[in-house]
Number of protein chains: 2
Amino acid sequence: MLESPNTDREHREPAITRQHVTPNAIDADEPWMRGLHADTGYLLYRLGLRSGQLFNTFLQASGLRLRHYAVLRFLAGSEGALQRELSTRLGYDPSAIVGLVDDLEKQGFAERRPSPDDRRSRIVVLTEDGRAFLRDTDEAGLRVTNDLLDPLDAADRQTLHTLLLRIAEDGLG
Amino acid sequence: MLESPNTDREHREPAITRQHVTPNAIDADEPWMRGLHADTGYLLYRLGLRSGQLFNTFLQASGLRLRHYAVLRFLAGSEGALQRELSTRLGYDPSAIVGLVDDLEKQGFAERRPSPDDRRSRIVVLTEDGRAFLRDTDEAGLRVTNDLLDPLDAADRQTLHTLLLRIAEDGLG
DNA sequence: AGCAATAATTGTTGACGTCAATAGTTGTTG
DNA sequence: CAACAACTATTGACGTCAACAATTATTGCT
């Protein structure tokens with residue numbers, strides 16, 4: 001369980017007036033001296049970690065992890081995918097896909113079928129149980145995201161989502 | 001090869017008339033059927049991963065990692081911090097702080113000093129070399145973030161940053 | 001003095017990313 | 001058509017990282 005460490009620290013002002021804030025021979029105006037949260041990349045890193053944690057705790061009851069969930073979601077939208085395809089699209093190593101699909105097969109949420117044209121490939125398809133699982137857990141998954149984005153109203157969430165999407169399209173498949 | 005599941009933005013109808021659109025026994029309008037990138041939480045997770053990777057590759061020349069850099073940055077703004085403080089503020093486990101400070105001490109970027117009031121605690125302070133390191137690598141660090149946020153203009157980056165900051169303040173220290 | 005709480009530390013475990021290597025299969029090319 | 005290069009899935013090894021449990025030294029409480 002993650003504690004919320006609000007108690008051990010006084011609240012720091014938003015620094016709209018930053019005249020007298022320099023506390024102790026530290027010049028906070030130097031660019032290399034800016035705080036951690038001043039960097040968007042680091043913010044993304046931290047929030048991404050937290051988002052993954054939330055998702056995993058939400059999934060822990062089902063015995064799956066975020067990676068499995070990502071595979072299921074992708075399969076739900078593609079109706080059968082080669083493992084190679086899962087690898088490139090989800091950004092996971094091919095060797096990781098093996099174990100993930102193994103787990104999903106064990107749970108009965110997906111299965112491998114031989115590809116008709118290429119005996120090297122296997123086609124991973126979502127089973128009916130997999131569809132049911134997605135249907136059942138969908139609402140809970142949305143709750144996780146809603147919990148994370150709690151301080152944002154609907155409009156802000158929309159803009160955040162489009163901004164993130166623009167970044168994602170230019171770097172992830 | 002199976003049909004590549006075209007990125008969802010090409011031939012998805014506005015769905016005003018959703019009578020006959022069901023292409024292949026898949027109803028893409030079902031909420032649990034939405035694509036991976038439709039969920040902001042998952043987007044955050046993926047982009048956070050990517051951001052961390054970029055930062056780490058940028059830091060690999062110096063022998064440090066993102067976590068070390070985070071500690072250095074925090075120390076630069078706080079002029080001495082208990083390890084316990086680093087743990088709660090950076091979100092790392094206390095056991096992780098040990099190794100991080102060890103590494104920073106080996107590189108000469110930080111050092112532990114005994115706390116005058118509590119012999120259990122150690123105060124970690126940034127050395128002059130640590131300050132120099134931050135000064136030297138600051139520009140490169142900014143380039144990493146700029147590279148990540150390439151598809152966004154200045155105004156969009158600003159809004160993204162404030163949005164992320166609002167989320168971060170309500171969940172991270 | 002006795003005892004709970006705390007700071008730093010060690011060790012362990014499981015998840016994760018990366019890379020190398022292999023078997024089976026396909027496509028190409030000389 | 002035979003040799004060879006490329007590709008798919010798979011296995012294994014290695015190092016990193018996060019989450020816990022346990023330990024030691026110290027402090028605060030009563």
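So that the names make sense, note that chain A is the first sequence line, chain B the second, and so on, each numbered from 1.
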side-chain contact (heavy atoms from CB on, under 4.5 Å) involving B/R157 - partner list, sequence neighbours excluded: B/N146, B/L149, B/L152

Between P of D/dC17 and CG of B/D93, the distance in whole Å: 14 Å

Candidate nucleotides C/dA15, C/dT9, C/dT26, ranked by approach to the side chain of A/R65 - the nearest: C/dA15

Atom-pair distance (CG on B/L82; P on C/dA5), nearest Å: 21 Å

D/dT24 phosphate, OP1 or OP2, under 4.0 Å from B/R119 side-chain N/O: no

Distance in angstrom units between A/D117 CG and C/dG24 P, rounded: 21 Å

Nearest-angstrom distance from the residue atom CD1 of A/I97 to P of C/dC16: 12 Å

For atom CD of B/E85 and atom P of C/dT6, their distance in whole Å: 16 Å

Phosphate OP1/OP2 of C/dT9 contacted by B/R112 side-chain N/O (<4.0 Å): yes

Euclidean distance, atom CD of residue B/Q60 to atom P of D/dT16 [Å, nearest integer]: 13 Å

A/L100 CG - D/dT11 P separation (whole Å): 13 Å

Which residue lies more 5' along DNA chain C, comparing B/V98 with A/A96 via nearest heavy atoms: B/V98

Any N/O donor-acceptor pair, B/R120 side-chain to C/dT6 base, under 3.5 Å: yes

Residue mapping more 5' on DNA chain D - nearest nucleotide basis, A/V101 or A/L49: A/V101

Short side-chain to backbone donor-acceptor contact, A/S51 and B/G41, under 3.5 Å: yes

Nucleotide of D/dT26, C/dA8, C/dC19 approaching B/D118 most closely (side-chain heavy atoms): D/dT26

Contacts of type side-chain contact (heavy atoms from CB on, under 4.5 Å), residue A/T137, not counting sequence neighbours: A/F58, A/Y69, A/F133

Candidates C/dT25, C/dA8, C/dT18 - which lies nearest the side chain of B/R122: C/dA8

Sugar-phosphate only, base, or nothing, as touched by B/S121 at under 4.0 Å among non-hydrogen atoms: sugar-phosphate

Check: B/D93/B/S95 side-chain N/O donor and acceptor closer than 3.5 Å: yes

Nucleotide D/dC17, atom P - distance to CZ of A/R46 in whole Å: 15 Å

Under 3.5 Å: donor-acceptor pair, side chain of A/Q83, backbone of A/R122: no

